[in-house]
Amino acid sequence: MLADQSNKEHIHKQENSPERALNPFEQANEKKPSKAYLKYLRQKKRNRWTVRLSQVLIFVVFLAIWEISARTHAVNPMLTSYPSAIWPTFLELLNSGDMNHQGNIIHHTSVTLLEVAISFVISTLIGIVVGAALWWSAFLYRVLDPYMVIANAMPKIALVPIFYIWLGSTLSIYGIAISIAGFITTLMIYSGFRETEPDKIKLMQVLGAKKWQIFSKLVFPSNLPTITAALKATIGLVLVGVIVGEFQSARAGLGYLIIYGSQVFEMNLVMTAIAILAVMSTVMYGMVLYLEMFIRYKRR
Amino acid sequence: MDTSTATAYSDIQDSANTKLPIMELNQIHQVYFSDAGEVEAIRDVNLSIQPGEFVGIVGQSGCGKSTLLSIISGLITPTSGQVVIKGNPVNGTSSQTGYMLQHDTLFEWRTILDNVMLGPEIQGLDKKKARKRANDLLDRYGLAAFKDKFPQELSGGMRQRAALARTMCTQPEILLLDEPFSALDYQTRLAMSDEIGIILKKEGCTVIMVTHDISEAISMSDRIVVLSARPGRIQSEHQILFPSAGGASLSPMASRDTPEFGQYFQTIWKELDFHVSGSK
């Protein structure tokens with residue numbers, strides 16, 4: 001009797017299978033879509049394009065105002081440079097290297113890129129490892145809590161000179177980037193770990209799971225979305241740390257170009273470096289965003 | 001599980017020709033400590049359960065029902081007293097007991113099949129056999145077409161059945177259900193208690209179900225234990241029989257239509273109600 005029942009239901013459930021339920025328009029599409037629906041689709045498309053267009057417009061207007069006010073000397077072009085100067089400067093830097101020394105713009109960009117990538121990876125690993133340790137031992141968390149609060153509240157920029165003295169010109173860049181990003185990453189990841197559903201932990205315990213099994217099969221995988229969210233903050237903070245570090249001590253990198261350009265009053269150089277930095281940070285943020293979407297998609 | 005004890009156990013059972021209890025609670029006493037003071041959750045609970053029996057435990061919220069299940073499962077060691085399963089005292093969690101919670105707690109990053117495989121994975125059981133068992137269970141519970149789906153793609157009732165399959169996949173001796181249907185909407189809840197009731201009866205599982213829903217308890221259980229308000233003590237026990245059905249075993253849904261059902265409900269309701277007005 002039961003078998004019959006479940007069989008019947010099985011068929012029934014298949015007919016109503018969720019994929020079908022998830023797409024309420026499927027039926028409407030199979031038939032002819034109504035006029036009102038087509039209108040709705042057109043309207044939606046138009047809205048999307050209006051938003052895009054406005055976004056582009058803002059950017060174009062911004063560049064235009066900048067260019068015009070510099071050309072008409074409404075502002076001093078010595079201070080602001082011109083947007084139209086950025087591309088030529090870029091090409092010039094590409095071919096000749098900067099005015100006096102140390103390779104071309106590709107070199108500077110890749111130096112910064114590498115520093116950001118390494119600091120990002122290390123900050124993330126610290127975040128996950130320390131977050132896991134704090135989750136593992138409630139004692140450790142309770143002991144370290146006040147120190148972490150202080151360390152987190154402390155403006156890490158204040159440590160830049162110390163890092164420079166202690167770690168030297170190259171390592172201090174990593175030191176600053178990691179100290180700025182590492183704490184936030186750790187705290188965000190830890191709070192995700194801690195808020196793992198108690199019912200699921202109970203389930204794991206009932207099934208006889210060891211603590212490391214609870215971590216590897218539940219706490220870590222269930223927090224992948226939390227971790228990617230933390231990485232969005234990490235990437236931004238690492239960029240801040242690396243640029244500030246380069247300001248202090250570097251011989252190469254975009255931060256170095258910016259500080260060098262401003263010292264010799266070469267605003268074209270400064271603006272070009274900033275433009276490259278803007279593109280770079282956008283691309284990196286986009287990559288983390290893509291990772292997040294990928295994980296979401298995997299879980300639907 | 002130790003197979004030799006299992007054989008010895010069934011031998012004794014045959015020779016004595018009376019059923020030995022599969023589980024016994026001896027003088028269970030539980031006190032919680034907090035900054036606010038001590039709270040006595042459970043006092044002097046003695047209970048023995050026969051193999052294949054379905055026991056419903058009802059009581060108001062906060063009477064220690066769930067605590068009792070946690071103690072049986074070995075999650076909590078009682079302040080005093082002992083849980084004995086098949087002659088062996090319970091000491092920590094083991095695969096003897098399967099626990100089903102109020103929420104299905106399926107892992108949304110695992111497919112249904114992988115969710116069912118969670119228990120065997122953790123306990124390090126033979127993967128191949130476990131996989132076969134998982135497949136069988138899902139087939140029997142009407143989830144054959146959903147093995148590779150993710151929990152989010154299933155309805156509430158299907159998810160609960162998947163959770164049952166996950167619990168059964170480790171082949172527990174005793175199944176503990178902690179308000180298993182209370183997170184479902186009313187219609188689904190009725191359907192699910194009927195469905196799961198039939199499955200469990202058919203497979204001859206020993207079940208302890210905690211609920212605050214008296215009707216649910218009556219429709220599914222062979223015996224109902226009423227717990228008093230905190231500290232939880234056994235206030236009364238009711239053997240649930242439906243003579244009007246002429247000895248036929250009724251599905252949970254069908255039992256709701258019998259005249260006895262209403263009588264049991266009235267009796268148990270009064271016992272619980274007394275405590276509500278008493279505590280006011």
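By convention in this document, chain letters (A, B, ...) are assigned in the order of the sequence lines, proteins followed by strands, and residues within each chain are numbered from 1. Only a predicted model underlies this, so the values are computations on that prediction, with no experimental measurement involved.
- Note: Ile174(B) CD1 to Ile49(B) CD1 = 7.0 Å, rounded to the nearest 0.5 Å.
- Ring-plane geometry between Phe215(A) and Trp135(A) is classed as tilted, the angle between the planes lying from 30 to 60 degrees on a 0 to 90 degree scale.
- Of the atoms belonging to Gln205(A), heavy atoms from both backbone and side chain fall under 4.5 Å from chain B.
- The contact between Asp178(B) and chain A is made entirely by side chain atoms (from C-beta outward), counting heavy-atom distances below 4.5 Å.
- Using a 4.5 Å cut-off between heavy atoms, Ser70(B) touches chain A through its side chain atoms alone.
- A donor and an acceptor atom, one from each side chain of Glu216(B) and Thr211(B), are located under 3.5 Å apart.
- When Leu106(B), Ile122(B), Leu118(B) are compared by the number of non-hydrogen pairs under 4.5 Å with chain A, Ile122(B) comes out ahead.
- Judged by distance alone, with hydrogens and angles left aside, the side-chain atoms of Asp145(A) form no donor-acceptor pair with the main-chain N or O of Tyr141(A) at under 3.5 Å.
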